[in-house]
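Below, chain A is the first sequence line, B the second, and so on; all start at residue 1. What you see is a predicted model, and the numbers here were worked out from it, not measured in a lab.
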Amino acid sequence: MVNLFAGLNPEQHRAVSTTEGPVLVLAGAGTGKTRVITVRIAYLLSEGVPPHQILAMTFTNKAAREMRERVKSIVGKKLAEKLTIGTFHAFCARTLREHAEQLGLQKTFSICDAPDQLTTVKTAMRELRISDASLHPSFANSRISLLKNKLITAKDLLESASDDKEELLARVYERYDDLLRRQCVVDFDDLLLLTGGLLKQNDGIRAAFRDRYRYVMVDEYQDTNGPQYEIVFNIAEEHKNLCVVGDDDQSIYGWRGADIEKILGFEKDFPGATVVRLETNYRSTGHILDAANKVIAHNTDRHPKTLRSAQRAGTPPEVVPCDDEIEEASHVVTDIGRAIRAQTAKPGDFAILYRTQLQPRPLEAQLRAEGIPYILVGGQSFFDRKEIRDVLAYVRLLANPDDEASLMRIINRPARGVGKGSVDKIIGLATLHGESAYAATRRALAEGVLKPLASKALEDLFQSLERYRQPEPTDDIVSRIGHLLDEVSYRTEVDRTYRDERARRDRWNGVLEIFDLAENYVTRATSPNLSEFLEKVALAQDDSTDEDPSKRNAVTLMTLHAAKGLEYPQVYLVGVEEGLLPHQASIEEGTLDEERRLMYVGITRAQRRLVISHAKSRSRFGTRNEAMKSRFLFEMTGESPPEDWRPAHPKRSEDLPGTRKTKVSSGSPKKKTQKKTARKKSAARKSSSKQSRR
DNA sequence: ACCAAAATGCTTTTT
DNA sequence: GCATTTTGGT
């Protein structure tokens with residue numbers, strides 16, 4: 001075997017070679033963190049540790065894939081495949097399927113995505129007769145998620161509720177969980193929560209996991225939340241062969257329940273832990289790193305550290321003021337276009353980073369106009385499209401008949417004469433008997449309480465579903481899905497709904513892509529089944545993007561959150577304005593530190609060139625708002641703000657909920673019209689962007 | 001029960 | 001500004 005330690009600096013060497021006992025690696029941005037983890041795994045293997053005893057957890061699929069690839073390139077395919085490397089969520093989904101019985105869960109449970117979660121919250125509220133006015137469904141939804149991530153159960157909340165609103169929320173939470181259980185569905189948070197509970201409560205399973213996974217590694221440890229910590233702790237508590245790697249300065253998931261205290265307090269959890277600091281940055285040139293250091297130094301609650309560049313000073317970051325987001329986009333794109341034409345750079349060298357999903361639009365338009373290839377990362381567009389959700393709902397019903405959200409989605413799509421009346425009757429029965437909507441429909445059919453037309457239609461639908469539910473030996477998943485869609489005439493429905501020829505083709509192509517996905521899955525899986533296929537689909541949203549080799553050499557557009565862990569020769573950081581980069585909502589919540597870390601993450605993605613832009617005004621909700629240069633830019637350059645500069649500040653609670661079409665600012669400079677934004681944080685996601693493939 | 005027109009609410013970040 | 005949801009008419 002080659003010398004694994006070649007090219008490692010002394011700290012990296014120590015992190016790799018300390019295999020026994022707890023290890024905390026504080027790895028600043030660009031200090032070779034991934035390298036350390038992968039070489040460490042290779043080293044463990046070379047020391048004779050069997051691959052199945054090694055468990056490595058990541059937060060994103062991308063990170064997991066990259067880690068496996070890199071280990072593979074060192075130790076070869078055969079060994080690498082026996083390692084357990086995956087996201088927390090994937091690991092948990094697998095564990096839950098293996099041990100479903102212990103939790104009173106069907107092995108075929110489905111995983112509900114964000115829109116389904118919201119639907120379920122709404123159902124819970126409807127059943128409890130709670131109006132949208134007393135509790136916003138999206139607010140309830142995000143709070144429930146956060147509570148789960150903080151290991152607070154509905155019962156806990158009910159007991160500790162200090163006001164009416166909290167009690168209301170607790171009751172919705174409780175009913176929401178009941179509904180999920182009834183549907184045999186778990187949400188993203190349950191995956192972690194139930195696995196944690198399983199390991200904590202079931203001595204046998206815990207012992208088995210401890211015995212099996214002797215060496216545990218966790219990437220991005222600063223993003224660990226309560227349930228994840230519980231899982232890791234329960235597995236590693238005894239043998240203590242736990243190596244966590246992270247950077248408190250890059251903790252940007254606090255809103256999701258990530259607890260920065262976990263990395264700050266690791267030595268308390270595991271006394272005697274070896275602590276390794278990686279502070280030599282191999283990624284960026286000196287000036288860029290200076291800028292990053294200056295910004296992050298304004299945070300107080302952190303492990304103090306300063307990144308040192310291993311490279312020359314390079315060029316300082318450029319700060320470009322623009323009039324509005326259109327000019328900003330055109331500046332960025334012209335800049336990129338010029339470099340590409342001059343052949344000093346290729347499209348793949350560039351990344352354009354932004355805070356929110358509403359920003360990429362003008363950039364996309366410009367890039368397309370200039371004919372520059374680009375990839376839009378994130379923006380869950382594909383799986384949010386109506387026809388995709390329809391088809392997946394059908395597939396989910398095959399795997400799990402009790403999935404109510406899915407049944408309700410397709411019960412009358414294509415239209416088959418099952419109207420509101422019939423649906424209400426079914427829901428009524430389901431609630432009355434505390435059974436799933438599927439069982440309630442069966443009951444309604446047996447009792448003959450539905451209109452003849454609806455009755456006949458549902459008989460047919462159920463017959464089709466049941467026919468393709470059981471795997472025929474000769475039949476694979478793909479043809480089962482195909483036949484089912486055939487029998488319900490889904491193609492006809494698509495043609496009927498979309499008059500425009502192009503739209504029709506587009507939509508149907510989307511459906512065909514599901515078939516591609518399924519085929520792809522079948523060829524890879526050892527024993528293909530619907531539940532596992534759906535699990536892959538639910539847990540892997542970024543799959544389509546980076547596999548496509550034709551898009552390799554393209555400008556990358558993504559949010560700052562999505563950019564963590566990545567690097568590009570040239571980075572454009574756009575929209576660095578008060579209210580946007582310290583985001584308004586964060587200013588209101590007092591989480592400025594996390595916004596600053598986001599800025600820090602953005603800066604440290606750049607290898608040799610960083611261009612930061614901000615606009616004087618930006619259109620939002622169709623109205624134009626004035627914007628101030630972000631405070632972070634003053635922190636970065638050390639300049640002091642000019643006389644007329646005003647930071648964004650928390651908004652008064654009294655606002656005008658009735659006014660939809662607000663007038664464009666009347667031009668009075670003292671009264672700031674800049675802030676008119678949503679006042680609640682919401683987990684709702686929209687299909688705001690399209691064009692993820694082609 | 002179905003379709004078109006009108007109102008609504010959304011936009012912080014993701015597994 | 002947009003897409004989705006609700007409404008009102010047939």
Side-chain angles (χ1 to χ4, degrees), chain A residues 57-64 86-93 111-115 117 122 132 136-138 142 145 149 187-192 220 223 225 227-228 252-258 353-362 377-380 384-386 412 414-423 451 453-454 457 496-497 535 538-542 558-564 575 579-589 591 594-595 597-598 601-602 618-624 657-658 660-661 676-690:
Chain A
M57 309 264 230
T58 67
F59 284 79
T60 65
N61 296 300
K62 197 182 278 160
T87 64
F88 271 98
H89 288 85
F91 175 78
C92 290
I111 300 167
C112 81
D113 56 17
Q117 254 176 67
K122 283 181 183 162
D132 287 12
H136 278 276
S138 56
S142 60
S145 174
N149 284 323
D187 64 22
F188 281 109
D189 308 316
D190 286 336
L191 288 173
L192 307 174
E220 307 282 11
D223 293 331
N225 66 20
Q228 287 164 333
I252 53 177
Y253 286 101
W255 52 274
R256 208 170 77 185
L353 310 181
Y354 39 83
R355 174 72 238 256
T356 72
Q357 288 290 9
L358 92 163
Q359 291 166 267
R361 270 186 212 269
V377 175
Q380 267 200 309
D384 269 354
R385 287 164 59 171
K386 210 188 235 139
N412 199 34
R416 47 172 72 87
V418 182
K420 197 167 179 297
S422 311
V423 171
K451 292 221 178 94
L453 181 71
R496 203 185 51 82
T497 330
E535 178 182 309
L539 297 180
Q541 34 257 126
D542 50 274
M558 64 189 153
T559 64
L560 287 165
H561 284 85
K564 189 162 60 127
L580 197 54
L581 191 35
H583 195 275
Q584 184 64 36
S586 300
I587 292 167
E588 243 129 75
E589 285 161 29
T591 52
E594 187 153 309
E595 295 292 301
R597 282 181 225 125
L598 222 32
V601 166
R618 186 171 293 273
S619 139
R620 193 184 213 186
F621 281 155
T623 48
R624 190 144 284 288
R660 291 242 52 84
K661 282 271 140 70
K676 50 150 300 158
T677 65
R679 20 111 162 72
K680 65 191 187 295
K681 59 189 290 182
S682 133
R685 53 181 10 54
K686 298 271 89 167
S687 57
S688 52
S689 43
K690 62 270 205 80

**Report entry** Contact under 4.0 Å: Asn61(A) side-chain N or O vs dT14(B) OP1/OP2
**Finding:** no

Query raised in the report: For dT14(B), does either OP1 or OP2 sit under 4.0 Å from a side-chain N or O belonging to Thr559(A)?
Result: yes

Send over the distance from [X] [atom1] to [N] [atom2], rounded to a whole Å.
X         : N       : atom1 : atom2 : value
Ile252(A) : dT12(B) : CD1   : P     : 17 Å
Leu453(A) : dC2(B)  : CG    : C1'   : 13 Å
Gln359(A) : dT13(B) : CD    : C1'   : 11 Å
His136(A) : dT8(B)  : NE2   : C1'   : 12 Å
Lys122(A) : dT4(C)  : NZ    : P     : 13 Å
Met558(A) : dT13(B) : CE    : P     : 15 Å
Leu581(A) : dT12(B) : CG    : P     : 14 Å
Asn149(A) : dT14(B) : CG    : P     : 15 Å

Query raised in the report: Paired with dT14(B) by Watson-Crick or G-U wobble geometry, both distances under 3.5 Å: which nucleotide is it?
Result: none

Query raised in the report: So what's dT7(C) paired with, Watson-Crick or G-U wobble, going by both distances under 3.5 Å?
Result: dA4(B)

Could you tell me whether [X] contacts a base, only the sugar-phosphate backbone, or nothing, with contacts defined as non-hydrogen atoms closer than 4.0 Å?
X         : value
Ala415(A) : sugar-phosphate
Asp189(A) : nothing
Phe88(A)  : nothing

Requested in this report: Take Lys451(A) and Ser586(A), find for each the nucleotide of DNA chain B with the closest heavy atom, and name the residue whose nucleotide sits nearer the 5' end.
Outcome: Lys451(A)

Report summary line: By nearest-nucleotide position on DNA chain B, the 5'-leaning member of Gly419(A) and Glu594(A) is Gly419(A)

Checking the side chain of [X] only, and the main-chain atoms of [Y] only, is there a donor and an acceptor separated by less than 3.5 Å?
X         : Y         : value
Tyr354(A) : Leu560(A) : no
Asn61(A)  : Leu539(A) : yes
Glu594(A) : Gly254(A) : yes
His583(A) : Ala585(A) : yes
Asp189(A) : Asn149(A) : no
His89(A)  : Leu191(A) : no

Candidate nucleotides [options], ranked by approach to the side chain of [X] - the nearest:
X         : options                   : result
Ala562(A) : dT15(B), dT12(B), dT14(B) : dT14(B)
Thr60(A)  : dT15(B), dT11(B), dT12(B) : dT15(B)
Ser138(A) : dT12(B), dT15(B), dC10(B) : dC10(B)

Query raised in the report: Using the rule for Phe, Tyr, His and the six-membered ring of Trp, do His583(A) and dT12(B) stack at under 5.5 Å and under 30°?
Result: yes

Query - Per-pair stack call Phe59(A) and dT15(B), 5.5 Å, 30° - result: no

